[in-house]
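Just so you know, residue 1 is the first one in the sequence shown, and it goes up from there.
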Amino acid sequence: MGKEYKHSGNVDWGRSALWLIIGMVCFGAVGVIYGLLAHINPIIYLHLLLLFGVVFVMSSVAAFVVHGSHARNKYLIIIMVGIMCVFAWYCGWCMMLAYEADVNFFFLLFNVPITFDGIIYYANNIEISVGRRSASIPIGSIMPVLYIIEFAVFLYPIYTVAKMKHFFCEACKKNMSSVTLYYPNADEITPNLDALRSGNALFLKEAQPVGNLQHLGLGYKAYEFNFHFCLLCKSVVVNVERISISKNDKGKIEIADNDEVVKGVYLDKESAEMVIAIVALSALAGNKQMA
């Protein structure tokens, strides 16, 4: 087996603190917007759409913070993103209560016990509409449960960053770049998987990759190669998944099934240099099939 990539667990405390502050500002702004729109919108269906949209934005920002902070310690990543998620949720409530009670937002932001009293009171006394034509109806004891679920949804970015594949070059102290290429001819790849797990990817010199799924036909059994590389020291880490291709209800080509067959293996020097050349050629070809 070749050398496997593993996070070092190292922490740049100064950089992490800076990016935690940046993340809290961004998450707080998202929470404020959510609280304002949630106050304006009394319809539960639109409220749910708003919530999912906010969580999508928060997950994107969380990934940006992880990359910016050069985080290599999984527990620190989870703690940082957890703090940002709770802060976003709290800012949302501060904004909503500020409008409901005609109170200064920053007063609520810095008076946590008063804000939590307001949250509990609001959750037990709110009236909300199910649809545009329905009258506002008191839902009673269900609302506290729904707000607990809302809080849990706000924590979803923690899951996304915990599952995120993030590669960092310890030698150069920088994030690795990533490129995905698809190899549609499984017969070129399958016999060489053991060599690849040992860090040897020279067989790819004769293989023909494509840059996106649209170049693959339906029913294909192909391989997805995720190359993570540092151009400074020419190191390359590879993840490989065996995939099958299908078309969804909207007619879009997508991955129907996947199975990880090579997990985070460093390539040897000769293979790494060859892969970087392949990636460069793929970029020049505009992610189209190479001749």
Out of curiosity, does [Y] fall in the hydrophobic cluster containing [X] (side-chain heavy atoms, cut-off under 4.5 Å, transitive links)?
X: Ile21; Y: Met24; answer: no
X: Ile79; Y: Met84; answer: yes
X: Phe168; Y: Leu232; answer: no
X: Tyr75; Y: Leu155; answer: no
X: Tyr159; Y: Phe87; answer: yes

Do you know the tightest heavy-atom contact between [X] and [Y]?
X: Ala201; Y: Met274; result: O-CE, 3.0 Å
X: Val161; Y: Ile158; result: CG2-O, 3.2 Å
X: Ser178; Y: His228; result: OG-ND1, 2.7 Å
X: Gly264; Y: Asn239; result: N-ND2, 3.3 Å
X: Gly35; Y: Met95; result: C-CG, 4.0 Å
X: Cys169; Y: Met176; result: N-CG, 4.0 Å

For [X] and [Y], indicate whether the former's side chain and the latter's backbone hold a donor-acceptor pair under 3.5 Å.
X: Thr160; Y: Pro157; result: yes
X: Asp12; Y: Arg15; result: yes
X: Ser271; Y: Asn200; result: no
X: Tyr90; Y: Leu109; result: yes
X: Asn192; Y: Phe203; result: no
X: His7; Y: His166; result: yes
X: Trp89; Y: Phe154; result: no

Could you tell me whether the side chain of [Y] reaches within less than 4.5 Å of the side chain of [X], counting heavy atoms only?
X: Ile189; Y: Leu204; value: yes
X: Phe229; Y: Val275; value: no
X: Ile119; Y: Tyr147; value: no
X: Lys165; Y: Val237; value: no
X: Phe107; Y: Ile114; value: yes
X: Val81; Y: Met58; value: no

- Message: Show, in sequence, the C-alpha distance, side-chain angles and deciding distance for Leu97 and Val103, and conclude whether the side-chain contact (heavy atoms from CB on, under 4.5 Å) test is met.
- Response: CA-CA 7 Å; Leu97 294 174; Val103 179; over 6 Å; no
State the [atom1]-[atom2] distance between [X] and [Y], to the nearest 0.5 angstrom.
X: Tyr182; Y: Asn226; atom1: OH; atom2: CG; answer: 7.5 Å
X: Leu37; Y: Met96; atom1: CG; atom2: CE; answer: 10.0 Å
X: Thr115; Y: Phe110; atom1: OG1; atom2: CZ; answer: 11.0 Å
X: Glu270; Y: Lys234; atom1: CD; atom2: NZ; answer: 15.5 Å
X: Thr190; Y: Asn185; atom1: OG1; atom2: CG; answer: 9.0 Å
X: Phe52; Y: Leu50; atom1: CZ; atom2: CG; answer: 11.0 Å

- Message: Ring-plane angle category for Tyr5 and Phe167, please: parallel below 30°, perpendicular beyond 60°, tilted otherwise.
- Response: tilted
- What is the ring orientation for Phe227 with Phe225, classed by angle as parallel under 30°, tilted 30 to 60°, or perpendicular over 60°? tilted
Over 12 foreign heavy atoms within 6.0 Å of [atom1], [X]:
X: Glu170; atom1: CD; value: yes
X: Lys173; atom1: NZ; value: yes
X: Lys174; atom1: NZ; value: yes

- Apply side-chain contact (heavy atoms from CB on, under 4.5 Å) to Tyr99 and Ile40, showing your working. CA-CA 10 Å; Tyr99 270 89; Ile40 295 172; over 6 Å; no
- Query: Quick check, are the ring centers of Phe64 and Trp19 under 6.0 angstrom apart?
  - Reply: yes
- Item | Audit row: Glu150, Tyr34, side chain to side chain donor-acceptor pair (under 3.5 Å) steps and yes/no | CA-CA 12 Å; Glu150 177 191 66; Tyr34 174 77; 2.4 Å; yes
- Message: Set out, in order, the CA-CA distance, both residues' side-chain angles and the distance that settles side-chain contact (heavy atoms from CB on, under 4.5 Å) for Leu76 and Trp13, then state yes or no.
- Response: CA-CA 10 Å; Leu76 179 62; Trp13 291 107; 4.2 Å; yes
- Message: Could you walk me through whether Leu196 and Leu267 satisfy the side-chain contact (heavy atoms from CB on, under 4.5 Å) test, starting with their C-alpha distance in whole Å, then the side-chain angles of each, then the deciding distance to 0.1 Å, before giving a yes or no?
- Response: CA-CA 8 Å; Leu196 188 60; Leu267 299 184; 4.0 Å; yes
